[in-house]
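Heads up, the thing below is written out as structure tokens.
Within every chain, numbering begins at 1; the chains are lettered A, B, ... in the order of the sequence lines, protein sequences first and strands thereafter.
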Amino acid sequence: MNIKEALTQIVSSAFSQCGYEARLGGVAESARPDLCQYQCNGALAAAKQAKKKPIIIAEEITSCLENDDRFSKIETAPPGFINITLSDKYLAGLLNTMSGDSRLGIRKAEVKTVVVDYGGPNVAKPLHVGHLRSAIIGQSLCNLARFLGYNVISDVHLGDWGLQMGLVISEVELRQPNLPYFNAEYNGEYPKEPPITEEELSEIYPAAASRAKTYSEFAARASRATVELQDGLPGYRKLWEHIREISISSLKRDYSRLGVSFDKWLGESDAGKYVPKVLGLLDEKGLLADSDGAKVVEVALAEDREPMPPMIVVKSDGGDNYAITDLASLLQRRSDWNPDECWYIVDNRQTLHFKQVFRAACLAGLFTQSQCTHYGFGTMNGKDGKPYKTRDGGVMRLSELIASVTASARAKVELSSVEMSEQEMADAARQIGVAALKVGDMINHRSKDYIFDIERFLATDGRTGPYLQYTTVRIRSVLKKAEASGFIPGEILAPQSQTERALGLALLTLPDTLSRALNEKAPNIICEAMFSIAGELNRFYFENKIISCPDSSIRSSWLGLLDLTRKALELLLGIIGIEVPRSM
RNA sequence: GCGCCAAUAGCUCAGCUGGAUAGAGCAUCGCCCUUCUAAGGCGAGGGUCCGGGGUUCGAAUCCCUGUUGGCGUACCA
């Protein structure tokens, strides 16, 4: 049950009972925990229309509710606040209900089919730090939406169809011109084995890109190769398949290290099949126009404040660009899956691009504007505030980054006073390193740039991934020791102390936390909630010696509270994609 | 040039429909382990919420304006 919604319902009905609009009864967590647990400010808002002092209205509402035994206190405060405190017995009842439910009282949202487009790796180059945010934020949102009952289809949307492919192909051709892929006369079988290795591939793309910058001849050749590939030239097609194959296996390996996976490994190339159809749709509606040899769609609206350039859908060389492949992907998604919504978890810098694509999709009749949304994210910057780079100024590979945080985490694990086997240490190092990365990222609001500082993310104190893991490990350890003494979690009793009450209240926010996080597509809301629960737990833990508590009913109640806290943290950590080490 | 976004404690960041005394973590200073994992907990100091107008009973939050920074601005993705 969502406690805020439940209280809102109670107070709203009091408002309508007293002759005011029900919508005034919104209840929020209190801004003054010293005075109350929840508050409603509706009386303040009602005052003007009712032509009454807010405090009078507030009193009417409270007098309507004061005999409700779910509240230990419901009172007014000037100028018109309604302050609510739950009775301890009611609170304990809610916690027991939560604890007895496999979903911790979190009901599913409406059923919707959603396509989530994230990851967006380029097959020509290895994953680098720039891909981190899309992967972990996208994965968290998928996990969250699934838990809340959505039918989620995640699609990595490979960058495997643009100019980068022409560049790689032309570079390979330049280096190994005798390969059969480049012989137009060749009609034998192409080799089974790729002509290049994964390592070579990662070197080839930057080499080709810089060659194209220097030699316009090479650049022209690459864009010609791109068009030929897109037109289905067999040799290029075969070579391209090899490149894709090499790349996908390396991508899967890197993503799996982050706990990220996709339902669909489709790419721009798969959208390629739909390009003619989309162009047909646009043409039918008279939306295509010529402009400097390219075909464009006018997407500007009269009411736009910002200038909106027309969207190029066919380049002047006849090739597909990412505007048309994104549009074609939307057609593919509609035909194959008919989703209610499409979410794009892509860098903020592509805001304009997605505005154009969604408008074009709307004009073509594929989706309505509100069905497609770009949930952008900010840049990961170094401590200097500029985009994160390695010491020598290059872009850091994701695999390198993960190796480096794992090594740092390993050093901390070795300092631990807890005895661990080699395997346990290795697992813990990996899990802690990844948790540090993920929390360091997702504690920040998605849409903002943030400073990447791995030392801080891995620090032994602070709001870090390791802190959350440590708290969970601690709870598990106590529960295990208690069980060894024959003590098991029991019914949660009315709280005896402020810290115990505060922990209970923090746990009650769970349903609201998840629904807000889903509404806003904001994993930081989940992180905030985890820190608040973990903080309350650690205070409670410090104040109370649980296992040695002489009163057996209090002890089993405390264990019940601990167990519920464990389940709550495990649920939230799971959504964010964080594993908890066996010990640390 | 035009447009989009941001600016909150020394640092890194939260701040949900406009509400009471703007919150965390780090850093600084001072405490708490013979007892369940001290990678923990408690306390103290630290703020012109970028500046200026406005709307409102009430503004970090909404509107206008200025400053600073980031990004985008058709044939890369």
Fill in the blank from the handout: Ranking B/rC36, B/rA20, B/rA77 by distance to the side chain of A/Lys315, first place goes to B/rA77

Exercise for the section: Scan A/Asn321 against the nucleic acid and name what it touches under 4.0 Å (heavy atoms): base, sugar-phosphate only, or nothing. Expected result: sugar-phosphate

Exercise for the section: Provide the Watson-Crick or G-U wobble partner of B/rC42, both distances under 3.5 Å; none if there is no partner. Expected result: B/rG30

Completion exercise
Against the side chain of A/Asn524, the closest entry in B/rA77, B/rU37, B/rA14 is B/rA14

Practice task
Tell me which nucleotide among B/rG15, B/rU37, B/rA20 gets nearest to the side chain of A/Gln39.
Solution key: B/rA20

Exercise for the section: Rounded off to whole Å, could you give me the CD-to-C1' distance for the A/Gln350 and B/rG70 pair? Expected result: 16 Å

Practice task
For A/Phe531 and B/rG40, give me the distance from atom CZ to atom P, rounded to whole Å.
Solution key: 11 Å

Exercise for the section: Using the C1' atoms only, state how far B/rG58 lies from B/rC5, rounded to an integer number of Å. Expected result: 28 Å

Handout entry: Separation of B/rC13 C1' from A/Arg463 CZ (nearest whole Å)
Key = 8 Å

Exercise for the section: For residues A/Ile443 and A/Tyr450, determine if any side-chain heavy atom of one lies less than 4.5 Å from a side-chain heavy atom of the other. Expected result: no

Practice task
Report which part of the nucleic acid A/Asn122 touches: base, sugar-phosphate, or nothing (heavy-atom distance under 4.0 Å, all strands).
Solution key: nothing

Problem - Side chain to side chain, A/Ser134 and A/Phe377, heavy atoms closer than 4.5 Å - result: yes

Practice task
Record whether the side chain of A/Tyr470 comes under 3.5 Å of the base of B/rA39 through a donor-acceptor pair of N or O atoms.
Solution key: no

Exercise for the section: Identify whether the distance between the nearest side-chain nitrogen and carboxylate oxygen of A/Arg224 and A/Glu228 falls below 4.0 Å. Expected result: no

Exercise for the section: Provide, to the nearest angstrom, the distance between the CG atom belonging to A/Asp449 and the C1' atom belonging to B/rC5. Expected result: 9 Å

Handout entry: Of the listed nucleotides B/rC42, B/rA39, B/rA20, the one nearest the side chain of A/Arg539
Key = B/rC42

Practice task
Examine the side chains of A/Asn538 and A/Thr471 and answer whether a donor and an acceptor come within less than 3.5 Å of each other.
Solution key: yes

Exercise for the section: Determine the contact category for A/Asp292: base if any of its heavy atoms lies under 4.0 Å from a base atom, sugar-phosphate if only primed atoms, P, OP1 or OP2 are that close, otherwise nothing. Expected result: base

Handout entry: Side-chain donor/acceptor contact of A/Asn83 with base of B/rA20 under 3.5 Å
Key = yes

Problem - Who pairs with B/rC71 - Watson-Crick or G-U, where each distance is under 3.5 Å - result: B/rG3

Problem - Nucleotide nearest A/Lys448 when distance is taken to its side chain, options B/rA6, B/rC75, B/rG40 - result: B/rA6

Exercise for the section: Examine the base of B/rC36 for any acceptor or donor lying under 3.5 Å from a partner atom in the side chain of A/Ser477, and report the outcome as yes or no. Expected result: no

Exercise for the section: Would you indicate what A/Lys545 reaches in the nucleic acid, counting non-hydrogen atoms under 4.0 angstrom: base, sugar-phosphate, or nothing? Expected result: base

Completion exercise
Applying the 3.5 Å cut-off to both distances, the Watson-Crick or G-U partner of B/rG25 turns out to be B/rC11

Problem - For atom CG of A/Asp347 and atom C1' of B/rC76, their distance in whole Å - result: 14 Å

Exercise for the section: Provide the distance between the two C1' atoms, one in B/rA20 and one in B/rG45, to the nearest whole Å. Expected result: 24 Å

Practice task
Quote, to the nearest angstrom, the P distance that separates B/rG70 from B/rU12.
Solution key: 15 Å

Problem - Side chain of A/Cys36 - closest among B/rA20, B/rA39, B/rC32 - result: B/rA20

Practice task
Check every strand shown and say whether A/Ser548 touches a base, only sugar-phosphate, or nothing at a heavy-atom separation below 4.0 Å.
Solution key: nothing

Exercise for the section: Grab the CD1-P distance between A/Ile546 and B/rU35 for me, whole Å please. Expected result: 16 Å

Fill in the blank from the handout: The nucleotide from B/rA39, B/rG40, B/rA14 with an atom nearest the side chain of A/Val413 is B/rA39

Exercise for the section: Scan A/Ala45 against the nucleic acid and name what it touches under 4.0 Å (heavy atoms): base, sugar-phosphate only, or nothing. Expected result: base

Exercise for the section: Identify whether NZ of Lys or CZ of Arg in A/Arg463 sits under 6.0 Å from the centre of the six-membered ring of A/Phe531 and within 45° of that ring's axis. Expected result: yes

Handout entry: Whole-Å C1' distance, B/rG40 and B/rC36
Key = 13 Å

Practice task
Check every strand shown and say whether A/Leu479 touches a base, only sugar-phosphate, or nothing at a heavy-atom separation below 4.0 Å.
Solution key: nothing

Handout entry: Base B/rA74 to side chain A/Ser291, donor-acceptor N/O within 3.5 Å cut-off
Key = yes

Practice task
Can you tell me, in whole Å, how much space there is between the P of B/rC4 and that of B/rU48?
Solution key: 30 Å

Problem - A/Glu570 and A/Arg476 ion-paired at < 4.0 Å - result: yes

Exercise for the section: With a 3.5 angstrom cut-off on both distances, give the Watson-Crick or G-U wobble partner of B/rU35, or none if there isn't one. Expected result: none

Handout entry: Pair A/Asp320, A/Trp161: side-chain N/O donor-acceptor within cut-off below 3.5 Å
Key = yes

Fill in the blank from the handout: Here the distance between atom C1' of B/rC5 and atom OH of A/Tyr450, to the nearest Å, is 18 Å

Handout entry: Nearest-neighbour nucleotide for the A/Asn538 side chain, B/rA20, B/rG15, B/rG40 considered
Key = B/rG40

Problem - Separation of the C1' atoms in B/rU61 and B/rU17, to the nearest angstrom - result: 11 Å

Handout entry: Touch class at under 4.0 angstrom, heavy-atom based, for A/Asn544 against every strand present
Key = base

Problem - Separation of the P atoms in B/rA24 and B/rG15, to the nearest angstrom - result: 15 Å

Completion exercise
Closest of B/rU12, B/rG15, B/rG41 to the A/Arg456 side chain is B/rU12

Problem - Geometric cation-pi criterion, A/Arg474 with A/Tyr541: 6.0 Å, 45° - result: yes

Exercise for the section: Considering only atom C1', compute the distance from B/rA77 to B/rG69 and round it to an integer number of Å. Expected result: 26 Å

Practice task
Please report, rounded to the nearest Å, how far the P atom of B/rG40 is from the CD1 atom of A/Ile475.
Solution key: 14 Å

Fill in the blank from the handout: Against the side chain of A/Lys48, the closest entry in B/rA38, B/rC57, B/rG19 is B/rC57

